[in-house]
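A note on names: the letters A, B, ... follow the listed sequences, proteins ahead of strands, and every chain is numbered from 1. All figures in this text were calculated on a predicted structure; none of them were measured in a lab. These numbers come from the heavy atoms of this one structure, side chains and all, not from hydrogens, waters or symmetry mates.
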Protein chains: 2
Amino acid sequence: MISARVHYACLAMLELASRSSEEAPISLREISDQHGVPGPFLVQIFRSLRAAGWVQSVRGSQGGYRLLVRPEDVSLLEIAETMGYQDSGNPSTGKTTAAEMMLQEVWEEMSRASREILSSVRLSDLAERFHRGEASMFYI
Amino acid sequence: MISARVHYACLAMLELASRSSEEAPISLREISDQHGVPGPFLVQIFRSLRAAGWVQSVRGSQGGYRLLVRPEDVSLLEIAETMGYQDSGNPSTGKTTAAEMMLQEVWEEMSRASREILSSVRLSDLAERFHRGEASMFYI
DNA sequence: AGATACTTGACTAAGTGGATCATGTTTATA
DNA sequence: TATAAACATGATCCACTTAGTCAAGTATCT
């Protein structure tokens, strides 16, 4: 359902968001150390994040990455989609029998519900709670 | 999210359920022809369904499969789980940082929502609509 | 100049899902 | 009783994705 790639990307974006007040860019090394994400894998992930325009890279010594967007403008769904979340749809036999179509509706409803949850959580929501030290109590 | 394996299994169970009034068992050939599921793959699927106790096999000529449970006692979630739906949990770095735990909650909420939908649809619900010729309008 | 850090591209390794094949066993029926 | 229909079982295979690695290069600060 959620891949490690998406999970790591969200962790990284959350790290950037929660430290967006800092002047200096944040290096992959810091993120890797902080969250236990394999370094070389982070490189790949940031290539996608950069291509999507979410982050800006700063090369050279003291370089790293900086958030290019406001945390309140990014949802987890957008990050997940950038990382290839659900680019393949639901299974289908290709036939249009009643049974087939009924099941399709159920799968579709599931996808819709998942996307709804992902899109309802913005980076700023998480970063805010992060700073307050609240680790729980999202859903009422 | 939903694998072809689960999709095929649900189609097959739906076929058995909608024809559960018939005396003769239903052969894999019929299901394969009706729904366009690759024959040899159906064999595998029914091995799991049989092991789970959902169906009964009748060997020999004129053999096939028969439903062993009442359609109103089986939800799509149960079928999906029999076919290995989500036996691997959500990704995790293993760390217990605030960021990690917050994301875990979101992934957890997604799983919960999907399972909720799957468990709310019983085989009898679909079979009933199947007989009435209604192919749409599940959710109000 | 040298250390730090991102860039790019190719590459590997493992796992999974989808699908197939061969061979055997059971049973109805002509 | 022979034969065909149909399930039973086990092995195997291929394609694809995911996770992770490596190496050579470029930019920048000190």
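The residues B/R129 and A/E105 are annotated as not salt-bridged, no charged nitrogen and carboxylate oxygen being separated by less than 4.0 angstrom. A salt bridge is absent between A/E128 and A/R122; no separation between the charged side-chain nitrogens and carboxylate oxygens falls under 4.0 Å.
Within the nucleic acid shown, A/P40 comes within 4.0 Å of at least one base atom, counting heavy atoms only. When heavy atoms are screened at a 4.0 angstrom cut-off, A/R29 is found touching no nucleic acid atom at all. Across all strands shown, B/Y65 has heavy atoms under 4.0 Å from sugar-phosphate atoms exclusively, and none from any base. Counting non-hydrogen atoms under 4.0 angstrom, B/G60 reaches a base of the nucleic acid. At a threshold of 4.0 angstrom between heavy atoms, the contacts of B/G64 are confined to the sugar-phosphate backbone, with no base atom among them.
Just one of A/L14, A/I26, A/L11, A/I45 meets the side-chain contact (heavy atoms from CB on, under 4.5 Å) condition when paired with A/I31; it is A/I26.
Using a 4.0 Å cut-off, some side-chain N or O of A/S57 falls inside it from OP1 or OP2 of C/dT7. Considering only side-chain N and O atoms, B/S27 lies nowhere under 4.0 angstrom from the phosphate OP1 or OP2 of D/dA5. Using a 4.0 Å cut-off, no side-chain N or O of B/Y8 falls inside it from OP1 or OP2 of C/dG18.
Across D/dC7, C/dT29, D/dC29, the shortest atom-to-atom separation from the side chain of A/Q62 is found for D/dC29. Listed candidates were C/dA19, D/dG10, D/dT21. Nearest to the side chain of B/R47 is D/dG10. Ranking D/dT28, C/dT8, D/dG20 by closeness to the A/S61 side chain, first place goes to D/dT28. The side chain of A/V43 sits closest to C/dT8 out of C/dA28, D/dA19, C/dT8.
The aromatic rings of A/F46 and A/Y65 sit tilted, their planes meeting at an angle between 30° and 60°.
No hydrogens or angles were tested; on distance alone, nothing pairs the side chain of A/R5 with the base of D/dG20 as donor and acceptor under 3.5 Å. Applying the 3.5 Å distance criterion, the base of D/dG20 shares a donor-acceptor pair with the side chain of A/Q44. For D/dT28, the base has no donor-acceptor partner in the side chain of A/R59 [N/O atoms by modelled type, under 3.5 angstrom].
Rounding to whole angstrom units, CG of residue A/L11 and C1' of D/dA19 are separated by 16 Å. What separates CD1 of B/I45 from P of D/dT9 is a distance of 16 Å, to the nearest Å. D/dT18 atom P lies 17 Å from atom CG of A/L42, rounded to whole Å. Straight-line distance from the CZ atom of B/R50 to the P atom of C/dT26: 12 Å, rounded to whole Å. As rounded to whole Å, 11 Å separates atom P of D/dA8 from atom CD of B/Q56. What separates OH of A/Y85 from C1' of D/dT17 is a distance of 17 Å, to the nearest Å. Regarding B/M83, its CE atom lies at a distance of 16 Å from the P atom of C/dT16, rounded to whole Å. Taking atom CD1 of A/I2 as the reference point, atom P of D/dT17 lies 18 Å away to the nearest angstrom.
A residue-by-residue look at B/V58 and B/P91 shows that B/V58 has its nearest nucleotide of DNA chain D further toward the 5' end.
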Stepwise side chain to side chain contact (heavy atoms under 4.5 Å, CB included) test for A/Y85 and A/L76:
CA-CA 11 Å; A/Y85 173 70; A/L76 292 191; over 6 Å; no
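Residue B/I79 is grouped with residue A/M1 when hydrophobic side chains (ILVMFWY) are merged at heavy-atom distances under 4.5 angstrom, including chains of intermediate members.
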